[in-house]
Structures are given as C-alpha cells and as structure tokens.
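Predicted model, so just to flag it, every value in this text is computed and none were measured. So that the names make sense, note that chain A is the first sequence line, chain B the second, and so on, each numbered from 1.
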Protein chains: 2
Amino acid sequence: MENATKIHAYTLSETRKSMVEACTRICQLLGLPRSTGQIFGLLYLSPTPLSLNDIVEFLGISKASASYGTRRLLSWRAIKTVWKPGDRRDYFEVIDDISGLIKRMLNDFIKPRLGSSGKRVHDMLEGLEEEKDRGELLDAEYQICLDRLNSLVRLQEKLSAVIPVADRFV
Amino acid sequence: MENATKIHAYTLSETRKSMVEACTRICQLLGLPRSTGQIFGLLYLSPTPLSLNDIVEFLGISKASASYGTRRLLSWRAIKTVWKPGDRRDYFEVIDDISGLIKRMLNDFIKPRLGSSGKRVHDMLEGLEEEKDRGELLDAEYQICLDRLNSLVRLQEKLSAVIPVADRFV
DNA sequence: CAGATTATACAATCTAAATTGAACGTACGG
DNA sequence: CCGTACGTTCAATTTAGATTGTATAATCTG
C-alpha cells in the first residue's frame with residue numbers, strides 16, 4: 001500500500017499517556033488484564049477511531065493481546081467497531097455513554113451474581129436441615145449455621161434493594 | 001498439654017464445607033487470596049472461636065497462610081481475636097455485624113479511590129490546557145480530550161452521590 | 001487464482017502473586 | 001534457666017493467568 005500510513009509517528013500526548021496509565025491501574029485494581037485497560041484508555045481520548053495495528057503501535061503490545069482486548073471490550077459493549085468503506089480493517093472507538101456501560105455492568109454482572117449467591121444460601125439452608133435431621137450436627141453448630149445463614153439472607157435482600165437505586169442515580 | 005485437643009477430628013459438616021467453598025469463590029472473584037476466603041468461610045459458620053492451628057487443620061493450609069490470612073482479615077475488622085484465660089493461643093471469630101463491614105469497605109476503599117480518581121482527572125484537565133498552550137495538540141485532539149474528561153468529571157460526581165445512599169440502605 | 005493483508009486461535013512463555021517450609025523471636029511452664 | 005508451644009517473617013517454590021509468537025482462516029486485490 002502507499003506508505004502514507006507509515007509516516008504515522010504513533011506517539012501520544014502527555015494527557016493521553018496519563019489516561020492510558022490511569023485505565024491500566026483501574027483494570028489492575030479490578031483484577032482485569034492490564035492490556036485491556038490500556039486499550040480502553042487509548043481509545044477514550046482518541047480523536048479518531050483506531051485500527052488494531054494503530055493500537056499495537058501506540059501501546060507497543062502484541063497483536064494477539066490487542067485482538068483479545070478489543071474483543072473483550074466489545075463483548076462488554078465498552079467500545080464498538082466503526083467501518084470505513086473500502087477498508088477491510090476494523091476500527092474501534094469507545095461508546096459515548098459511559099453511564100449506560102456502568103448500568104449494564106451492574107445488571108449483567110452484579111445482579112445475576114447476587115441472585116445466584118442468594119440461591120446458594122437457600123440451598124445451604126436446605127442442606128443444613130437435612131444434616132440436622134440425619135443427626136449429623138451438634139446442636140450448637142446447627143444453631144450458629146442457622147443464625148448466620150439467615151443473616152446472610154437478610155443482607156442479600158438489602159443489597160438487592162440498592163441495585164435499582166444506584167441504577168436510577170447513575 | 002492434655003490430649004483432649006488431639007481427639008478433635010477436624011472434619012466439617014457439608015454445610016460448612018459449602019460455606020468455605022463459596023467464600024473461596026467470592027475472594028477469587030474479587031482478586032483476593034483464596035486462602036483468606038477459606039478462613040473467613042470457616043469462621044463464619046463456626047460454633048466456637050478457632051485457633052490458628054484449628055484453621056490449619058480444618059483447611060489443610062500452611063501456618064504461614066493462616067497467619068497471613070487472619071492478620072489480613074483482622075486489619076479489615078472482618079474477624080476479631082478472642083482471648084481465653086490461661087491459654088496463650090489466639091482464637092478467632094467473625095464479627096457479627098457484616099453490614100457494618102460492608103459499609104466500612106465502602107468508605108475505606110471505594111470512597112477514597114473515587115476521590116483520588118477525581119483529583120487525577122482534574123490534573124489531567126490542567127495538563128491538557130498546558131499542552132494546548134504550548135501548541136502540542138491538534139485542535140481535534142484537544143476538543144475530544146476536553147469533552148471526554150469533562151464527562152468523566154460528571155460521572156465521578158454521580159458515583160459519589162450514590163455512595164451515601166448505599167450507605168444508608170445497607 | 002495467486003499474493004497480500006487482515007483478524008483469530010492456540011500453544012508456549014513469561015510474570016506476578018499466592019502459598020509454603022524453615023528459621024526465628026517470644027512468652028510461658030517446669 | 002532450659003524446653004516447649006506459639007505466632008511471625010522471609011526466601012523459595014508453585015500456580016494462575018496475562019502476554020506473546022506462530023500458524024491458520026478469511027477477505028480483498030490484481
């Protein structure tokens with residue numbers, strides 16, 4: 001191809017470097033791959049959509065990482081692809097509605113997880129009764145388990161009540 | 001000492017095993033050491049306070065891990081020590097107020113982190129102006145950075161507003 | 001259809017963090 | 001004082017998972 005693309009210097013302004021760094025730290029904090037954060041940070045302050053190769057060059061990461069990271073961000077709908085006619089490269093840009101992203105995270109990750117943990121506590125309460133009936137438990141143990149598990153149920157209910165509030169706020 | 005303690009079988013009821021497992025999973029999910037979760041799960045359904053050695057025996061982990069985990073849980077005030085007169089072992093039990101624990105986590109981890117991230121965005125906005133003044137930025141880039149950083153500020157404000165609400169709810 | 005240029009899949013490697021074993025310090029009981 | 005039971009510290013190991021290089025598949029160009 002014409003080497004106009006080769007001219008590209010692939011350097012970032014200080015502001016954008018800071019952004020990449022900040023997102024890296026956040027992801028690290030959340031136990032997510034650093035490279036994913038780098039990519040998001042890069043795209044978040046990009047004036048134009050970027051191709052996989054742009055990302056590789058700007059960040060100095062491998063294409064495999066870039067591909068993995070972008071697909072992950074896509075699956076969270078944190079970024080989206082942009083098509084340029086007559087160009088078979090994929091271009092990426094961040095979605096504009098970050099609040100929406102957070103709401104979705106809340107609903108897709110936290111809420112179902114709260115639900116399944118609620119179910120798990122319920123199962124444990126059932127199992128506890130069975131164990132008691134089979135005489136496998138000391139009374140003291142049965143009592144503690146019952147109390148604590150019930151207090152977990154109440155806590156779970158309170159947490160569930162917070163979700164919709166947060167949802168409206170953000 | 002008398003070998004009454006040696007009789008101890010160190011086996012857990014199914015219910016308690018499930019609890020240990022569940023806490024392990026949660027910690028894993030949060031990027032915390034699994035062993036820490038195991039310890040908390042063990043103590044959460046324990047009818048009596050447990051010594052370091054009890055923990056080691058019940059869970060089959062090393063003393064070093066147990067020591068590390070308990071101190072970590074202590075520092076979060078998720079568990080507390082219990083002293084038995086005439087026994088130089090430390091005994092541990094979970095605190096009863098889990099809601100309080102969550103509130104504290106919210107205040108000790110999330111809130112300060114939100115604050116410092118707010119400050120960081122502010123710094124970036126200042127840096128951006130400097131870069132612009134020095135003519136180091138294309139107009140398009142300046143504009144995008146300004147927009148996006150400002151939208152981060154707004155988001156940060158909304159999130160900060162949610163914290164006290166959640167605090168009252170839980 | 002051959003040749004390029006892209007994105008993905010996968011196994012190998014590399015890194016960071018959790019876990020451990022062993023040495024250490026301390027306090028108690030005889 | 002010694003010996004013992006306890007908790008902690010720290011270097012070494014193990015493990016999980018992030019990153020990469022290479023091979024593959026797919027899609028366009030000429």
Side-chain angles (χ1 to χ4, degrees), chain A residues 1-6 8 20 23-43 49-75 79-92, chain B residues 1-6 8 20 23-43 49-75 79-92:
Chain A
M1 211 126 293
E2 82 283 27
N3 61 2
T5 55
K6 298 274 171 62
H8 215 143
V20 170
C23 290
T24 306
R25 244 194 316 267
I26 291 174
C27 273
Q28 173 148 263
L29 214 59
L30 298 174
L32 300 174
R34 280 182 276 279
S35 59
T36 306
Q38 293 185 67
I39 296 170
F40 186 83
L42 175 66
L43 292 175
L50 300 180
S51 71
L52 249 197
N53 248 310
D54 293 335
I55 295 172
V56 167
E57 295 294 337
F58 270 124
L59 298 177
I61 63 178
S62 73
K63 214 169 194 178
S65 277
S67 173
Y68 177 77
T70 49
R71 265 174 317 123
R72 197 140 168 187
L73 288 169
L74 281 173
S75 80
I79 64 176
K80 63 185 174 187
T81 52
V82 179
W83 291 81
K84 296 196 182 179
D87 190 336
R88 42 207 186 81
R89 272 171 290 195
D90 293 338
Y91 287 85
F92 302 97
Chain B
M1 215 121 298
E2 83 281 30
N3 62 3
T5 55
K6 297 275 172 60
H8 215 142
V20 171
C23 290
T24 306
R25 243 195 315 270
I26 290 174
C27 273
Q28 172 147 263
L29 214 58
L30 298 174
L32 301 173
R34 278 181 277 281
S35 59
T36 306
Q38 293 183 67
I39 295 171
F40 186 83
L42 175 65
L43 292 176
L50 299 181
S51 71
L52 249 198
N53 249 311
D54 293 336
I55 295 172
V56 167
E57 295 294 337
F58 270 125
L59 297 177
I61 63 178
S62 72
K63 215 169 192 180
S65 278
S67 174
Y68 177 77
T70 48
R71 267 175 315 122
R72 195 141 171 187
L73 289 169
L74 281 173
S75 80
I79 65 175
K80 63 185 174 187
T81 52
V82 178
W83 292 81
K84 297 196 182 179
D87 191 335
R88 36 202 188 85
R89 272 170 289 195
D90 294 337
Y91 287 84
F92 303 96

Under 4.0 Å between a side-chain N or O of Ser67(B) and OP1 or OP2 of dT8(D)?
yes
Decide yes or no for Gln38(B) and Ile61(B): does some side-chain heavy atom of the first lie under 4.5 Å from some side-chain heavy atom of the second?
yes
In this structure, how many angstroms lie between the P atom of dA23(C) and the NZ atom of Lys63(B), rounded?
15 Å
Between P of dT8(D) and CG of Leu52(B), the distance in whole Å:
6 Å
State which of dT19(D), dT20(C), dT8(C) makes the closest approach to the side chain of Arg71(A).
dT8(C)
Atom pair distance, as rounded to whole Å: CD1 in Ile61(B) and P in dT20(C)
6 Å
Rounded to whole Å, the OH-P distance (Tyr68(A) to dT22(D)) equals 22 Å
Calculate, to the nearest 0.5 Å, the distance between atoms CG and OH belonging to Asn53(B) and Tyr91(B) respectively.
9.5 Å
Looking only at atom types and distance, does a side-chain atom of Thr70(B) sit under 3.5 Å from a main-chain N or O of Ala66(B), one as donor and one as acceptor?
yes
Please determine whether side-chain contact (heavy atoms from CB on, under 4.5 Å) holds for the pair Phe40(A) and Val20(A), giving the CA-CA distance in whole Å, both sets of side-chain angles, and the decisive distance to 0.1 Å.
CA-CA 7 Å; Phe40(A) 186 83; Val20(A) 170; over 6 Å; no
So Phe92(A) and Asp54(A), do their side chains get closer than 4.5 Å, heavy atoms only?
no
On a heavy-atom basis, which atom in Gly41(B) and which in Cys23(B) lie closest, and how many Å separate them?
CA-SG, 3.5 Å
Residues within residues 34-41 of chain B bordering DNA chain C, heavy-atom distance below 4.0 Å:
Arg34(B), Ser35(B)
Among dT19(C), dT19(D), dT8(D), the one nearest any side-chain atom of Ser62(B) is dT19(C)
Between dA7(C), dT20(D), dC10(D), which one does the side chain of Ala64(B) approach most closely?
dC10(D)
Near DNA chain C, counting only heavy atoms under 4.0 Å, which residues of residues 80-87 of chain A show up?
none
Separation between CZ (Arg72(B)) and OG (Ser65(B)), nearest 0.5 Å, reads 11.5 Å
Consider the side chain of Arg88(A), meaning its heavy atoms from C-beta on, and name the nucleotide among dA5(D), dT27(D), dT20(D) that approaches it most closely.
dT27(D)
If you only use heavy atoms from C-beta on, which nucleotide in dG7(D), dA7(C), dG17(D) is closest to the side chain of Gln28(B)?
dG17(D)
Expressed as a whole number of angstroms, how long is the span from Leu29(A):CG to dA17(C):P?
12 Å
